[in-house]
Amino acid sequence: QVQVMESGGGLVQAGGSLRLSCTASSATFDRFAMGWFRQAPGKEREGVSCVARGGTVKWYVDSVKGRFTISRDNANNMLYLDMNNLKPEDTAMYYCAASMYSICVDDWSRGQSFDDWGQGTQVTVSS
């Protein structure tokens, strides 16, 4: 089991940047893929990005490709999401999650392969 906690959200103007961080409290952090998800009011949860255990294989939802970068620091049990050129439609609660697997499975974006979730951090992008 991996306990995770997000930080780094806030209010930013369109075109701005934020870095989200996720602290994981587990000695087995480097065994599992990690993901970022988001949920806007009135909308379903959406998979934003996933990174496999080694940190090399990464996946992104089309709407954030070229703007967001996921990374992980296995030595320090940290996961990051660098968000650039933010848009109002990026406004949502962002969640960090630990997968049950070492890879990002085919349907990772549905979230069902993740079993440990944080409480979320709010990102608000003003126009």
Side-chain angles (χ1 to χ4, degrees):
Q1 185 176 5
V2 180
Q3 293 180 322
V4 296
M5 182 172 67
E6 307 89 343
S7 62
L11 174 63
V12 64
Q13 289 187 331
S17 300
L18 281 175
R19 173 177 249 205
L20 303 185
S21 299
C22 174
T23 303
S25 58
S26 173
T28 60
F29 173 78
D30 62 353
R31 297 184 186 179
F32 304 105
M34 297 292 295
W36 286 100
F37 294 78
R38 65 187 180 186
Q39 187 166 20
K43 295 187 177 181
E44 293 187 354
R45 184 182 63 197
E46 175 185 41
V48 175
S49 184
C50 180
V51 59
R53 63 177 290 190
T56 301
V57 179
K58 304 175 183 181
W59 297 89
Y60 299 93
V61 67
D62 285 346
S63 60
V64 308
K65 286 180 180 177
R67 300 188 298 121
F68 290 11
T69 302
I70 192 171
S71 61
R72 64 189 297 165
D73 177 354
N74 285 343
N76 293 295
N77 288 5
M78 294 293 296
L79 177 73
Y80 302 101
L81 185 68
D82 289 296
M83 306 185 295
N84 297 310
N85 190 22
L86 282 160
K87 303 176 180 180
E89 51 263 43
D90 294 318
T91 295
M93 185 72 77
Y94 283 71
Y95 298 91
C96 167
S99 175
M100 295 179 277
Y101 307 101
S102 62
I103 61 171
C104 302
V105 300
D106 286 349
D107 63 348
W108 68 266
S109 63
R110 296 178 61 191
Q112 294 178 340
S113 58
F114 294 80
D115 59 354
D116 292 295
W117 296 78
Q119 295 299 306
T121 185
Q122 178 68 38
V123 172
T124 302
V125 184
S126 62
S127 57

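FYI, the numbering just counts along the sequence from 1.
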Between the OG atom in S49 and the NZ atom in K65, the distance rounded to the nearest 0.5 Å is 10.5 Å
**Item:** Ion pair check, R53 and D30, cut-off under 4.0 Å
**Value:** no
Exercise for the section: Indicate the ring-plane relationship of Y95 and W117, choosing parallel, tilted or perpendicular according to the 30° and 60° boundaries. Expected result: perpendicular
#### Entry: Pairwise side-chain contact, S109 with W59, heavy-atom cut-off 4.5 Å (strictly under)
no
From the list D115, N77, T28, side chain to side chain contact (heavy atoms under 4.5 Å, CB included) with V2 holds only for T28
Any chance CG of D107 has more than 12 other-residue heavy atoms, nucleotides or ligands included, within less than 6.0 Å?
yes
Between A14 and S127 the two heavy atoms that sit nearest each other are CB-CA, 4.3 Å
Non-hydrogen side-chain atoms of Y60 and W36 separated by less than 4.5 Å: no
K87/D90 ion pair, N-O < 4.0 Å
no
Rounding to 0.5 Å, atoms OG1 (T91) and CD (Q122) come to a distance of 7.5 Å
* Asked: Side chains of V125 and M83: does their closest heavy-atom pair fall under 4.5 Å?
  -> no
Run the side chain to side chain contact (heavy atoms under 4.5 Å, CB included) check on F68 and V61 step by step: do they pass?
CA-CA 10 Å; F68 290 11; V61 67; over 6 Å; no
Minimal heavy-atom distance between T23 and M78, with the atoms involved, is OG1-SD, 3.5 Å
Step through the shown structure and confirm whether more than 12 heavy atoms of other residues, nucleotides or ligands are within 6.0 Å of CE on M5. no
Should V57 and I103 be marked as a side chain to side chain contact (heavy atoms under 4.5 Å, CB included) after you check the CA-CA gap, both sets of side-chain angles, and the distance that decides it?
CA-CA 8 Å; V57 179; I103 61 171; over 6 Å; no
### Message
Within a 6.0 Å radius of atom CZ on R19, are there more than 12 heavy atoms belonging to other residues, nucleotides or ligands?
### Response
yes
Does the pair M34 and V4 meet the rule for a side chain to side chain contact (heavy atoms under 4.5 Å, CB included), with working shown?
CA-CA 10 Å; M34 297 292 295; V4 296; 4.0 Å; yes
Item to complete: Flag this pair as yes if the NZ/CZ of R72 is under 6.0 angstrom from the six-membered ring centre of F29 and inside a 45 degree cone about the axis; otherwise no.
Response: yes
**OP:** Run the numbers on L20 and E6 for side chain to side chain contact (heavy atoms under 4.5 Å, CB included), then give the verdict.
**Re:** CA-CA 7 Å; L20 303 185; E6 307 89 343; over 6 Å; no
### Query
Is F32 linked to M100 within one hydrophobic cluster, defined over Ile, Leu, Val, Met, Phe, Trp and Tyr using a side-chain heavy-atom separation of less than 4.5 Å?
no
> Does T121 reach the side chain of S7, with side-chain heavy atoms less than 4.5 Å apart?
Replying inline: no
